[in-house]
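Report on the following structure.
Chain letters run A, B, ... following the sequence lines, proteins first, then strands; residues in each count from 1. Side-chain atoms are counted along with the backbone in the values below, which use heavy atoms only and exclude waters and symmetry mates.
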Amino acid sequence: MTLVSQGSSSQKHKNTFINLLSSFYGILFRFALLLVAGASFGFILNLCRKEPLSWVYLDPEQRLQQSVQSAPTALSEISIEELKGMMVQKENVLLIDARSRIFYQAGHLPEALNLPQDDFERGYNQLRDQLQTNGGRKIIVYCSDSDCHDSEKVAVRLVKAGIGKIAIFSGGYEAWKDAGQSIAKEKSTP
Amino acid sequence: MRDFSHTLRLMLSWLLGAIFIYAGILKAFDPIKFADVIHAFRLLPHMAITSLALILPMVEILAGLFLVTGWERRLGIQSILALTIIFAAVILSAMARGLHIDCGCFGSSSIPTHLQLWFALARDAVLFAVALYVHLERAHQET
């Protein structure tokens, strides 16, 4: 009798274990199906997008570099010496300060106009006429220093807006100031 | 009493489902932004970020739909329980590494950066508690 009872108890435990295992695998299987369905919908939706997400993720900096490289007009870069030369020779250039308005007001390159990256649409609308009818002037965009990317972002957006002949002064405001060049304040704030 | 708990469970299921559908749609509409959010957590290699940014919103939407429609409701609630546990682990890992980032769970947030992960963790805990209640209540009513 005891043996029969022990045998039945062990069978019961075995059944419970098998049920648990099958239910665990059942759950895993259903999760896997859900993932496959999610992946299918996600990838199909991505293929239908106008600008699909690239299969290997590109961080914001890499995306910016990519758009700079693929911009219809190649962007050039100028050094502080080149810019100083242009200013001395009074070359026909239009300087654009891509920093926020508050930094622009505190000090900027002489004759520079403010087109902040963080308020591009408003700034662009205000400067549209000067940018579009610049008479072939070269546009030079700068921001704080070589570590900031606002100048590149603004330059790319200007290129996309159809404004050509754009160069980036990568040293930016800090390089200009450190070189002992003159600084203007509170001028031409749009 | 049984009717009340059944109604409450049903309503919470719908609410939870609607929240997850909403969260999934927000992410699905702006996958680049969501990929940037995943990247900010610094947990996955670039190869895996795009896949997760495309799959996770769809899984959220499907799990939410299961809860709202009642078809495969059990799978829906189990998925949401699993997702909330994974989200909590990811948020805690970011907090442990001192990251001050937006969790990106429901699009952009206006909460100060240093409080965003705490807020996200609290919200995740509430969602987990609701999902657990629905799951346990359902199991209780089935027995």
### Query
Is the count of non-hydrogen atoms from other residues, nucleotides or ligands lying under 6.0 Å from A:Tyr124 atom OH greater than 12?
yes
### Query
Side chain, backbone, both or neither: which part of B:Ala48 has a non-hydrogen atom closer than 4.5 Å to chain A?
neither
### Query
Picking from B:Thr50, B:Ile38, B:Leu44, what satisfies side-chain contact (heavy atoms from CB on, under 4.5 Å) with A:Tyr57?
B:Thr50
#### Entry: Straight-line distance of B:Arg74 CZ to A:Arg30 CZ, nearest 0.5 Å
5.5 Å
### Task
Using non-hydrogen atoms and a 4.5 Å limit, figure out which bit of B:Glu60 sits close to chain A: side chain, backbone, both or neither.
neither
### Task
Using the rule that two of Ile, Leu, Val, Met, Phe, Trp, Tyr join whenever any of their side-chain heavy atoms come within less than 4.5 Å, decide whether B:Trp14 and B:Leu65 are in one cluster.
no
### Query
B:His46 side chain to A:Val56 main-chain N or O, any donor-acceptor pair under 3.5 Å?
no
### Message
With a sphere of 6.0 Å drawn around CZ of B:Arg42, does it hold more than 12 non-hydrogen atoms of other residues, nucleotides or ligands?
### Response
no
### B:Leu75 side, atom CG; A:Phe29 side, atom CZ - distance, nearest 0.5 Å
11.0 Å
### Residue part contacting chain B, namely of A:Leu34, when any heavy atom lies under 4.5 Å
both
### Message
Tell me which of these, B:Ala63, B:Ala28, B:Ala82, has more heavy-atom pairs under 4.5 Å with chain A than the rest.
### Response
B:Ala28
### Single-linkage hydrophobic cluster B:Leu10~B:Leu127, side-chain heavy atoms < 4.5 angstrom
no
### Task
Pick one of side chain, backbone, both or neither for A:Leu35, based on which atoms fall under 4.5 Å of a heavy atom in chain B.
both
### Task
Indicate yes or no: at least one non-hydrogen side-chain atom of B:Pro31 is less than 4.5 angstrom from one of A:Arg49.
yes
### Query
Going only through I, L, V, M, F, W and Y residues with side-chain contacts under 4.5 Å, is there a path from B:Ile49 to B:Val59?
yes
#### Entry: A:Leu47, CG: over 12 other non-hydrogen atoms inside 6.0 angstrom
yes
### Query
When you look at OH of B:Tyr133, are more than 12 heavy atoms from neighbouring residues, nucleotides or ligands closer to it than 6.0 Å?
yes
### Message
Counting only heavy atoms from other residues, nucleotides and ligands, does the tally under 6.0 Å from CZ of B:Phe41 exceed 12?
### Response
yes
### Query
Under a 4.5 Å cut-off applied to non-hydrogen side-chain atoms, are A:Phe41 and B:Ile55 in contact?
no
### Task
Tell me whether A:Val93 is reachable from A:Tyr173 by hopping between hydrophobic residues (I, L, V, M, F, W, Y) whose side-chain heavy atoms are closer than 4.5 Å.
yes
### Query
Where do A:Trp55 and B:Ser51 land on the side chain to side chain contact (heavy atoms under 4.5 Å, CB included) test, with the steps shown first?
CA-CA 7 Å; A:Trp55 295 114; B:Ser51 301; 5.7 Å; no
### Message
Which one wins on heavy-atom pair count under 4.5 Å against chain B: A:Gly38, A:Ala37, A:Ser54?
### Response
A:Gly38
